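Here is the structure we will look at, set down as structure tokens.
Just so you know, these numbers use all the heavy atoms, side chains as well, and skip hydrogens, waters and symmetry mates. We number each residue from 1, following the sequence as shown. As the structure is a computational prediction, the values presented were derived from the model and not from experiment. Just follow the structure's listing: the first ligand is 1, and inside any ligand the first atom is 1.
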Amino acid sequence: MSKLVVANWKMNGSIDLVDEFAKTFTADNLILGLPTIFLSPFRNRNSILKLAAQDCSMFQGFGAHTGEISARMLRESGIEYVILGHSERRSISNLDSTENILQKLSNAMDAGLSSILCIDENFDQLIDEKTTDLLRNSLGKVILAFEPVSAIGTGIVPNLSDIRETVSKIKEKCDGINTLYGGSVNSINAREIMDIPEIDGVLVGGASLKIPELTAILQASSPAV
Ligand code: PEP
């Protein structure tokens, strides 16, 4: 079975790139995380691919929250997934506290959105008893993404045995929940990362903006024949 590939465009891309990707990709193990403004244009051009927003509001439903987009609005627009707690929001820009992330996770679950929850080496801070209960009750609607901060956008991937050890610890703590690896995944290293048995897929930033790179990563996500 193919492993999951989540692409995170971050604040990149253009309508031209949306066009090209919409014509190129239909894989059912690919989830494309686009800037919110591009989600509907993409959906209008390609009804097959699974789409992810890169965040949702900590406020629920509707209300006087200028600039916010709720989980419910995303779901009503045909979006299936939301990436939550990315380290670029959590620590670097300080946009997301642990409390906010958990509120967003709960909002996403209430709205019927699946979440890709990013965690790093300090996962114990986020994955406490309350969170494990939330994950246990999420009925498969949450996927974790282990993203060591030192690996995001740096081209430096930790030792494969270190990745394996940490992902095993995470899965042990969270009842075997599906867990991705993220951080400098590209067409060259995708296969060896995907070959780690405990890893259920990858979260790809920079390399996901290039069609040949993403195509090669998708190829690496299928078992070698
Ligand atoms: C990311 O955005 O989550 C990420 C892993 O980025 P990159 O692949 O560029 O390191």
Side-chain angles (χ1 to χ4, degrees), residues 3-14 17-18 21 25 27 29-39 42 50-56 79 81-96 98 101 104-105 108 114-123 125-127 142-160 162-164 166-167 170 177-196 198-221:
K3 296 198 173 184
L4 193 60
V5 177
V6 179
N8 177 18
W9 277 16
K10 313 188 188 200
M11 197 176 75
N12 292 302
S14 61
L17 202 63
V18 164
F21 270 60
F25 293 108
N29 64 323
L30 173 63
I31 300 171
L32 191 55
L34 299 176
T36 318
I37 191 84
F38 293 149
L39 288 168
F42 190 96
K50 298 181 193 95
L51 295 180
Q54 297 173 13
D55 187 36
C56 70
I79 310 310
Y81 292 84
V82 61
I83 299 171
L84 293 176
H86 194 283
S87 68
E88 283 157 14
R89 300 185 55 80
R90 201 156 17 102
S91 49
I92 301 173
S93 316
N94 209 16
L95 293 169
D96 271 337
T98 298
I101 296 166
K104 290 174 179 190
L105 185 68
S114 295
S115 302
I116 298 150
L117 179 62
C118 300
I119 52 177
D120 59 24
E121 301 86 336
N122 301 316
F123 61 88
Q125 287 171 8
L126 186 68
I127 312 280
V142 183
I143 299 164
L144 297 180
F146 167 55
E147 300 209 295
V149 178
S150 61
I152 297 179
T154 57
I156 303 164
V157 176
N159 238 311
L160 297 183
D162 290 347
I163 297 177
R164 184 172 189 187
T166 310
V167 169
I170 293 167
I177 192 165
N178 280 351
T179 305
L180 314 176
Y181 166 79
S184 297
V185 176
N186 58 34
S187 58
I188 313 283
N189 60 25
R191 172 69 73 185
E192 59 184 15
I193 294 170
M194 237 51 101
D195 278 349
I196 301 174
E198 288 78 7
I199 283 185
D200 299 293
V202 289
L203 175 47
V204 190
S208 76
L209 284 152
K210 298 177 196 128
I211 289 179
E213 277 288 299
L214 190 55
T215 303
I217 293 167
L218 277 168
Q219 274 160 6
S221 70

Indicate yes or no: at least one non-hydrogen side-chain atom of [X] is less than 4.5 angstrom from one of [Y].
X    : Y    : answer
Y181 : I196 : no
F21  : S208 : no
M194 : S221 : yes
I79  : T36  : no

The protein heavy atom nearest to atom 1 (C) of ligand 1 is H86 NE2, 3.1 Å

Starting from atom 5 (C) of ligand 1, which protein heavy atom do you reach first, and at what distance in Å? E147 OE2, 3.0 Å

Which atoms of ligand 1 sit under 4.0 Å from any heavy atom of [X]?
X    : answer
I152 : 4 (C), 6 (O), 10 (O)
N8   : 1 (C), 2 (O), 3 (O)
G206 : 7 (P), 8 (O), 9 (O)

Determine whether a donor-acceptor pair (N or O, by modelled atom type, separation under 3.5 Å) exists between the side chain of Q54 and the backbone of N8. no

Out of G155, G153, G205, indicate the one that has the non-hydrogen atom closest to atom 10 (O) of ligand 1. G153

Working to the nearest 0.5 Å, report the span between SG of C118 and CZ of R90. 7.0 Å

Quick one: does G183 get a heavy atom under 4.0 Å from ligand 1? yes

From L4, I217, N186, L180, residue fulfilling side-chain contact (heavy atoms from CB on, under 4.5 Å) relative to V202: I217

Side chains of S87 and D120: do they bring a donor and an acceptor to under 3.5 Å? no

With nothing but distance in play, are any N or O atoms of [X] less than 3.5 Å from an N or O of ligand 1?
X    : result
T154 : no
G182 : no
E88  : no

Is it the side chain, the backbone, both or neither of A151 that has a heavy atom closer than 4.0 Å to ligand 1? backbone

